[in-house]
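Model, not experiment: these values are computed from the prediction.
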Amino acid sequence: MTPHRSGHADVGRGIQLAYEAYGDPTQPALVLVMGLGMQLTAWPEPLLEQLVARGFYVVRFDNRDAGHSTQLDGQRGMPIPLAVLRARIGLSVRAPYLLHDMARDTVGLLDALRIERAHLVGASMGGMIAQLVASSFAARLRSLVLVMTNSGDPAAGMPAWSAAAALMKRPPARASVDQLVEHYFKVFRVIGSPAGPHQMPDALLRERMHATFSRAWRPAGSTRQLLAIIASGDRSDDLRRLTVPTLVLHGAADPLVPVSSARDLARKIPGAQLAIIEHMGHDLGPLALIASEISAFCARH
């Protein structure tokens, strides 16, 4: 699928975001925000095609410290284990930036692309960023879709041990693209949709991962993004004040962000709709169903 427009957008504060935009720019904009360490390519082209076919101008982009966007390699925070410990006992966490800064990046992208108002769809960490856009920049949004994400409230649910353990394993030092593919193939088989109607075929999963790791690999950036999540804390108070129409979309079989997190979000956001997809894990396996849910909700707003 050929983008209508692509390049790097200056979103302020020294940050350049790599982006791609698809479809007719006169149609309502639908902006996709991806999760921890993931690139814009994690939004599969078949999903983009379906959203464009349903009448949206679709934008996907690399967050700071991912893909081809600005890498903040000169900035360092505290070690992740120490950050987790301090956060759990209520102490501050030193991080190069916060999720609020990534939310401002997203709004800066809207400004750069001259998008006055957009439907905003965030997945995993991208959903956390999207929540903060909605709480601080509500006038810029038509609607909000939160996919496989949480409120930051640890009481809402924690990852299954198997999922946490899979993510803690690191690939070999100086791993080749093929080694990265094999490592993360195993990770996604743990956190993604289980065997059944929504599990991506092995060959397709490996193909998409190969394309991703051939494009870029930013492990230090992923660590900084994780620190931003830890340091940003609980968003529950902000969520209770949201006025943007919101859909919470989640997989019933998600071992990384349990479905209890989706129910927590839906309770805290006034008027939020909740859609639970059976047999879906922490991935975008059921693309057609996800596209249908997103487009139907956004079309109403």
Side-chain angles (χ1 to χ4, degrees), residues 11-13 31-36 63-64 77-78 80 82-110 117-159 164 224-250 254 256-276 282 297-298 301:
V11 300
R13 295 160 293 125
V31 178
L32 305 171
V33 192
M34 191 28 80
L36 176 66
N63 285 304
R64 61 166 70 189
M78 60 180 55
I80 294 296
L82 177 59
V84 171
L85 177 60
R86 288 181 63 88
R88 285 184 176 174
I89 61 177
L91 298 178
S92 63
V93 173
R94 187 179 75 254
Y97 51 84
L98 299 175
L99 292 178
H100 297 76
D101 297 300
M102 301 179 82
R104 284 192 285 271
D105 292 348
T106 304
V107 175
L109 179 64
L110 297 183
R117 296 179 71 210
H119 301 286
L120 191 62
V121 180
S124 200
M125 181 191 73
M128 303 172 193
I129 295 167
Q131 291 164 37
L132 294 171
V133 174
S135 64
S136 297
F137 304 94
R140 303 300 301 272
L141 301 187
R142 297 177 183 268
S143 71
L144 177 67
V145 181
L146 304 175
V147 186
M148 56 188 181
T149 191
N150 63 33
S151 66
D153 180 357
M158 300 296 288
R224 289 188 289 271
Q225 290 182 351
L226 180 55
L227 272 173
I229 294 173
I230 298 167
S232 296
D234 188 348
R235 296 171 297 281
S236 296
D237 289 343
D238 291 328
L239 295 176
R240 294 184 181 101
R241 295 189 291 269
L242 285 193
T243 58
V244 178
T246 302
L247 170 66
V248 177
L249 186 59
H250 211 97
D254 190 334
L256 186 63
V257 182
V259 71
S260 58
S261 296
R263 297 191 177 100
D264 171 69
L265 277 173
R267 281 194 302 268
K268 288 174 177 171
I269 300 173
Q273 271 185 235
L274 176 63
I276 304 297
H282 199 76
F297 181 78
C298 293
H301 302 284

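- In this structure, Gln273 contributes its side chain and Leu249 its backbone to no donor-acceptor pair below 3.5 Å.
- In this structure, the separation between CE on Met158 and CG on Leu256 is 10.5 Å, given to the nearest 0.5 Å.
- Residue Ala118 comes nearest to Val31 through the heavy atom pair CB-CG2, 4.0 Å, listed as atom of the first residue, atom of the second, then distance.
- Listed here is the closest heavy atom pair of Ile276 and Ala262: CD1-CB, 4.2 Å.
- Residues Thr106 and Leu109 have side chains not in contact (no heavy-atom distance under 4.5 Å, counting atoms from C-beta outward).
- Between Leu227 and Ile80 the shortest side-chain heavy-atom distance falls below 4.5 Å.
- Note that CE of Met128 is 11.0 Å distant from CD of Gln225, once rounded to the nearest 0.5 Å.
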Listing, residues 82-98 side-chain donor-acceptor contacts under 3.5 Å, not counting sequence neighbours, or none:
| from | atom 1 | to | atom 2 | distance (Å) |
| --- | --- | --- | --- | --- |
| Arg86 | NE | Ser92 | O | 2.6 |
| Arg86 | NH2 | Ser92 | O | 3.1 |
| Tyr97 | OH | Asp65 | OD2 | 2.7 |

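- A distance of 9.0 Å separates OG1 in Thr246 from CD in Gln131, rounded to the nearest 0.5 Å.
- For Asn63 (side chain) and Met34 (main-chain N/O), a donor-acceptor pair under 3.5 Å exists by modelled atom type.
- Contact annotation: the side chain of Asp105 approaches that of Arg13 to within less than 4.5 Å [non-hydrogen atoms, C-beta and beyond].
- Taking CZ of Phe137 as the reference point, atom CG of Leu132 lies at 9.5 Å (rounded to 0.5 Å).
- The two residues Ala138 and Ala134 have their closest heavy-atom pair at CB-O, 3.4 Å.
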Show me the side-chain donor-acceptor pairs of residues 143-156 shorter than 3.5 Å, one per line, residues at least two apart or across chains.
| from | atom 1 | to | atom 2 | distance (Å) |
| --- | --- | --- | --- | --- |
| Ser143 | OG | His119 | ND1 | 2.7 |
| Thr149 | OG1 | Ser124 | O | 2.7 |
| Asn150 | OD1 | Gly152 | N | 3.1 |
| Asn150 | OD1 | Arg235 | NH2 | 3.2 |
| Ser151 | OG | Asp153 | N | 3.3 |
| Ser151 | OG | Asp264 | OD2 | 2.7 |
| Asp153 | OD1 | Ala155 | N | 2.9 |
| Asp153 | OD2 | Lys268 | NZ | 2.9 |

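- Between atom NE2 of residue His100 and atom CG of residue Asp238 there is a gap of 6.0 Å, rounded to the nearest 0.5 Å.
- A 4.5 Å side-chain heavy-atom check between Met125 and Leu99 finds at least one atom pair inside the cut-off.
- Under the 3.5 Å distance criterion, the side-chain polar atoms of Arg117 are matched with a main-chain donor or acceptor of Leu141.
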Check the pair His250, Val257 against side-chain contact (heavy atoms from CB on, under 4.5 Å), reporting the backbone distance first and the verdict last. CA-CA 9 Å; His250 211 97; Val257 182; 3.6 Å; yes
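- Remark: Ile129 CD1 to Leu36 CG distance equals 9.5 Å, nearest 0.5 Å.
- Residues Leu242 and Ser135 have side chains in contact (heavy-atom distance under 4.5 Å, counting atoms from C-beta outward).
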